[in-house]
Amino acid sequence: MNAIVEREKGLIELEQRIAALKTHAAQQPVDMTAEIRALETKYAEIQREVFGTMTPWQRVNMARHPKRPLGSDYIAALDQFDELHGDRHFRDDRAIVGGFAKLRGRRVIAIAQDKGRDTKEKVLRNFGMPSPEGYRKVIRLVQLADHLGLPVVTFVDTSGADPGIGSEERAQAEAIAQSLYELADASVPIVATVIGEGGSGGALALALADRVLMLEHAVYSVASPEGAAAILWGDAGRAEEAATRLKLTSDDLLQFGIVDEVIPEPLGGAHRDPVGVVASVLAAVDNALSALTVVAPEELRDRRYRKFRRIGAPAT
Amino acid sequence: MNAIVEREKGLIELEQRIAALKTHAAQQPVDMTAEIRALETKYAEIQREVFGTMTPWQRVNMARHPKRPLGSDYIAALDQFDELHGDRHFRDDRAIVGGFAKLRGRRVIAIAQDKGRDTKEKVLRNFGMPSPEGYRKVIRLVQLADHLGLPVVTFVDTSGADPGIGSEERAQAEAIAQSLYELADASVPIVATVIGEGGSGGALALALADRVLMLEHAVYSVASPEGAAAILWGDAGRAEEAATRLKLTSDDLLQFGIVDEVIPEPLGGAHRDPVGVVASVLAAVDNALSALTVVAPEELRDRRYRKFRRIGAPAT
Amino acid sequence: MPMPEWLRLRRAEAVPADQAAQWTKCPKCGSMIYRPDLAANAWVCPNCSHHFRMHAFDRISMLVDSDFVEIGGELLPGDPLGWTDKVPYPQKLQRDREKSKLTEGVVCGFASIGGTPVALGVMDFNFRGGTMGTVVGERITQLFESARERHLPCIVFTASGGARMEEGMLALMQMAKTTLAVRRFHDDGGYYVSVLTDPTTGGVSASFAFQADVILAEARAAIGFAGRRVIEQTIRQKLPENFQTAEFLLEKGAIDMVVERSELKGKLMRLLDYGIGAQRPANGRAALLRAIGAPPESAESRA
Amino acid sequence: MPMPEWLRLRRAEAVPADQAAQWTKCPKCGSMIYRPDLAANAWVCPNCSHHFRMHAFDRISMLVDSDFVEIGGELLPGDPLGWTDKVPYPQKLQRDREKSKLTEGVVCGFASIGGTPVALGVMDFNFRGGTMGTVVGERITQLFESARERHLPCIVFTASGGARMEEGMLALMQMAKTTLAVRRFHDDGGYYVSVLTDPTTGGVSASFAFQADVILAEARAAIGFAGRRVIEQTIRQKLPENFQTAEFLLEKGAIDMVVERSELKGKLMRLLDYGIGAQRPANGRAALLRAIGAPPESAESRA
Ligand SMILES: [Zn+2]
Ligand SMILES: [Zn+2]
């Protein structure tokens, strides 16, 4: 069970009580204003207590919250979207959705990892874990964007690249390596936003970008907390501890210079106001693009080089 | 049964008789010179009669002769060869052999279609019918050649691209189209030689070249004679007739300006002197490369454009 | 949308002698359709939405705003091989000309679609099964060359049985010729959308059909390299129903999208609009040379 | 081939206290091998030709003519996350330094191989399982930057468990950093050969290992993205024996060739020789700019 969903239970109960009270007050000639206000105050207090400062593990659970806006929610909120399918060679990987789009009137290529909402969709999208064909679709779309001079906008949300037999057989490592290789060379602006789980290389393959944005409660990690715990202590149960060690929160990554901008979420997480959050992400992306589209291609590539060149370089 | 093999039977019998006579003469103190000479004269006569002027259908059978030098024979005759495998995505298609090579001291990328000699090898090489992965290997190798500034040398011998389910599923048409697309853009010299069967688009995918050479008895055709006959008359048995109509011989193609140079074969066909034929092909390729490597890349691409641009253009 | 008289006339069908000829049977659902109704519905069965193969000029009428200037129409096929099978090739051509009211298997020209000027090529299966001979190759090549010169996006509708046998290797070489033209167009920053219609196979599918920046397919169109019969003969078994359909190819990742004919024009307008951002085609060699102010490639090379 | 004393000393093993330690058991065939014999045989089992994992300096000694100038050796890992699990990260590093006689998981530098000067990087599984942290990423990046400046071909031997967890996201970002360096090297006409040795997985396989112009693998090396155990846990079944081996990848088309260690130097010499033709790297953007005399990219960009 998701730890955030667990913690939300008391709050939801309280929400329902307040709603019931309000209904009651509307139907009866008694003044319940004081009671309602008291409950609302209590609700706000608990909410602050529960969500005011969240541990890394709670953030992980928030990033995985079943109601959190998914890649396709961002795609759906674009002014216009025309999906382009397939890697041209083997398969259309539905874990990655991409195509032409308009973002606040601006023509772009938009690419999103999508985990799927219900069971059927989750299976269709392989729980958001891309296969090599997914990354090869990305490569193809980035080449198209480059050819047409369109910026690339990506939305990152994956527990990691698919670790199945077929994916290994069709060279998953090569696919990710080449996706990075393609982004490295693109002469158009690239803006990546980590909207949920940024799972290791499978996430980075869409995030070698000129600007890397991140939602407040998204996480972005070198390994999943469970995987890390299994390796470190032979006990996936110690994921919470691993989550703390891995420095995977937006604050940490902003500090490390790995993330350029953190987009705030409402108290309680993005799913408390999905429409608002999606809109503020798109606004931030649009903002980033405005600054980037005026930069000449060679300069853009040079800046991208320097941006990542700095990370982990010896201090000078 | 191959029509040429059929016709060779009488000659082989005669050869054996001459050999037997010679052995006999060496062991006995009788002078058999006259008899031997008579047989040899007869042999030469029959040979001229049989092979002196060959019909298109006979050429088709010559091109398919089971003893004809194959792609791998040319590869084996290079000074040096280091095979590079695979399309990096799905499979190493053994119907196409390619890699770094030295041809008369010159560094090149060599690519050959190979039908396989014995049954086991034929199956391994899918009878020389490339799958999409084969053409994608070609694309990769041409990109490598382009990057390193190495000329590309191809040896064409296929009845056509593989028409199986898997090949269609993995976009055979796209693979051939992209192979052509890659050759169109390469800034290094490309020399293609049709050494046996040049079967339609599956052959052309390796032959969009600056110089197209062809062995005298090779054929190069828009469709196989059997396929054409089946379409035209609903009777694959009329292949011989179709072969004549299709204008698939080296003389025809030289005349049409589709082939730049025809490399002669010994009387009786390439398999009568495989070593000599392979050597003369390599010499011709080397020759063509000498003329091309001095041309500047942009000029080379322009000439390639004009070369094919002319074919089927209205007379001016 | 007004359609000029001449465009409609190019495809005006002869009035059938008897009333029965006004009716057509849908090959998919079997319902009888009144031909004028079918034409009014863009040759889509009103009952099962089966997409009938379309005449090139019907297609053009359906797509363009009102203008269409044909190019290459003066190019007519010769008989380079002196071909004859059941009948001589010139006789076949004559028959197809009469039957199709076309001079060859593709119609090329300039037009506007939703206000955007484009170079447009439309193949027609009615003429020699849409096979590519020297004239089809030449017209397509001229289309891409013109589009390159005028910096127009290029849209090509394919429908083809492959290379045209009656023109032998000269036909096959059109695969190379058109490829070179498409590549040069692309390297110079050109934007190319292909629309694969029923059927697209052989030498056309293995050249310009699959060299576009964006590849659409009409719903349920048959698309592949080898013909269905050839494959069945090779593997000696029946193929699944959906094999080589547009929908199958979409699943296999070979094409960008499948579009119903009724939505085609709208989709193309959107796709053209995205290409308007194509001001800075950076990875093409020629575009790069141009961008940095280097001398352009020799004009001679466009020969 | 003479090997300089200092190079041999870098790997001089401590004399084992007892005679038994001089013997090693082959993990594949089980035979007992006298360690000096094993070393003399390039760490290949004389019985079954199993390729033992090699120490970076043994590898270098085996490959280079006689010279090797290390670069980036002064770069030492910090502890950016203040990491501790069973033991603090700095303690693990100290232990690995002692055990491996290396300062980090990769050794980079300049050398000659068969007379050809090259930039050479060799990863070592003995140091933190060859994981890529900031120092590995930085050394590899500097290697490609130096190779680019000096117009040298670049050879990298990979052996890695992936990104180094103890350096968190800073480690993961080295995939991006090295990719950018490889790409710039390539676009400028550089020639890069990677040699995947046992094991090459995770973030290293998914970055510079699979970005080379030519990709070799040592015979029977384990190569993949996900670890074998992860896959088995995911699919809940045992994997076939040859899964993720070099030979498996060759069949699947992922790598150019599989090479026995005994033939490796000879093969590399030949591959380097082919690259000598690389005078006219035409498709790289920078090379093209240079070729047409355009101003080079800003030096600043190499920061
Ligand atoms: Zn119907
Ligand atoms: Zn052993």
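In what follows, chains are A, B, ... by sequence order, proteins preceding strands, each numbered from 1. Worth knowing before you read on, the calculation uses all heavy atoms, side chains too, and leaves out hydrogens, waters and symmetry mates.
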Fill in the blank from the handout: Highest number of heavy-atom pairs under 4.5 Å with chain C among B:Ile231, B:Asp162, B:Ile176, B:Asp252 belongs to B:Ile176

Problem - Check: C:Lys177 side chain, B:Ile311 main-chain N or O, donor-acceptor pair, under 3.5 Å - result: yes

Practice task
Work out which heavy atom in B:Gly201 is nearest to a heavy atom in C:Leu172; give both atom names and the distance.
Solution key: N-CD1, 3.7 Å

Problem - Largest heavy-atom contact set with chain B, pairs under 4.5 Å, which of C:Thr201, C:Thr141, C:Leu239, C:Val204 - result: C:Thr141

Completion exercise
Applying a strict 4.5 Å limit to non-hydrogen atoms, the region of C:Phe248 in contact with chain B is side chain

Practice task
Return the option, out of C:Thr84, C:Val135, C:Leu76, with the maximum number of heavy-atom pairs under 4.5 Å with chain B.
Solution key: C:Thr84

Handout entry: Most contacts with chain B, counted as non-hydrogen pairs under 4.5 angstrom, among C:Gln142, C:Lys252, C:Met169, C:Arg164
Key = C:Met169

Practice task
Indicate yes or no: does B:Asp302 engage C:Arg184 in a salt bridge with an N to O separation below 4.0 Å.
Solution key: yes

Handout entry: chain C contact via B:Leu248 - side chain, backbone, both or neither, heavy atoms under 4.5 Å
Key = neither

Completion exercise
Looking only at B:Gly160, B:Ser221, B:Ala230, B:Ala207, the option with the highest number of non-hydrogen pairs under 4.5 Å against chain C is B:Ser221

Practice task
Would you mind checking which part of B:Leu246 comes under 4.5 Å of any heavy atom in chain C, side chain (CB onward), backbone (N, CA, C, O), both or neither?
Solution key: both

Handout entry: C:Ala181 versus chain B, the contacting section by heavy-atom distance below 4.5 Å
Key = both

Problem - Side chain / backbone / both / neither for C:Ile231 at chain B, heavy atoms under 4.5 Å - result: both

Completion exercise
Per-residue tally against chain C (heavy atom, under 4.5 Å) across B:Ser200, B:Gly164, B:Gly257, B:Ala171 peaks at B:Ser200

Handout entry: Side chain, backbone, both or neither of B:Leu180 within contact of chain C (heavy atoms, under 4.5 Å)
Key = both

Problem - Worked verdict on B:Lys247 versus C:Trp83 for side chain to side chain contact (heavy atoms under 4.5 Å, CB included) - result: CA-CA 10 Å; B:Lys247 306 280 192 218; C:Trp83 181 278; over 6 Å; no

Handout entry: Sub-4.5 Å side-chain heavy-atom contact between B:Glu168 and C:Leu249
Key = no

Exercise for the section: Look at C:Ala176, C:Ala206, C:Pro80, C:Ser205 and state which one has the largest set of heavy-atom pairs under 4.5 Å with chain B. Expected result: C:Ala206

Problem - Test item: side-chain donor near acceptor, C:Gln211 and B:Gln178, under 3.5 Å - result: no

Exercise for the section: Quick one: do B:Arg309 and C:Glu138 satisfy salt bridge (Lys or Arg N to Asp or Glu O under 4.0 Å)? Show the steps, please. Expected result: CA-CA 8 Å; B:Arg309 184 68 190 81; C:Glu138 180 66 24; 2.9 Å; yes

Handout entry: Heavy-atom pair with the smallest gap, counting every atom of B:Ala184 and C:Leu180
Key = CB-CD2, 3.6 Å

Practice task
Say whether, by atom type as modelled, one donor and one acceptor occur between the side chain of C:Arg183 and the main chain of B:Tyr181 under 3.5 angstrom.
Solution key: yes

Problem - Any donor-acceptor N/O pair, C:Lys86 side chain to B:Leu232 backbone, under 3.5 Å - result: yes

Handout entry: chain B-proximal positions within residues 214-227 of chain C [heavy-atom distance under 4.5 Å]
Key = C:Gly224, C:Phe225, C:Ala226

Fill in the blank from the handout: When rounded to the nearest 0.5 Å, the distance separating CG of C:Leu170 from CD1 of B:Ile258 is 4.5 Å

Practice task
Determine whether B:Phe308 and C:Gln174 make a side-chain contact, defined as any pair of heavy atoms from C-beta on separated by less than 4.5 Å.
Solution key: no

Handout entry: Under 4.5 Å from any heavy atom of chain C - which part of B:Ser167
Key = neither

Handout entry: Greatest number of heavy atom pairs closer than 4.5 Å to chain B - which of C:Ile235, C:Thr234, C:Leu81
Key = C:Leu81

Problem - C:Glu74 atom CD, neighbour heavy-atom count above 12 within 6.0 Å - result: yes

Practice task
Determine, step by step, whether C:Glu232 and B:Ile165 satisfy the side chain to side chain contact (heavy atoms under 4.5 Å, CB included) criterion, reporting the C-alpha distance in whole Å, the side-chain angles of both residues, the deciding distance to 0.1 Å, and the verdict.
Solution key: CA-CA 9 Å; C:Glu232 284 183 340; B:Ile165 291 186; over 6 Å; no

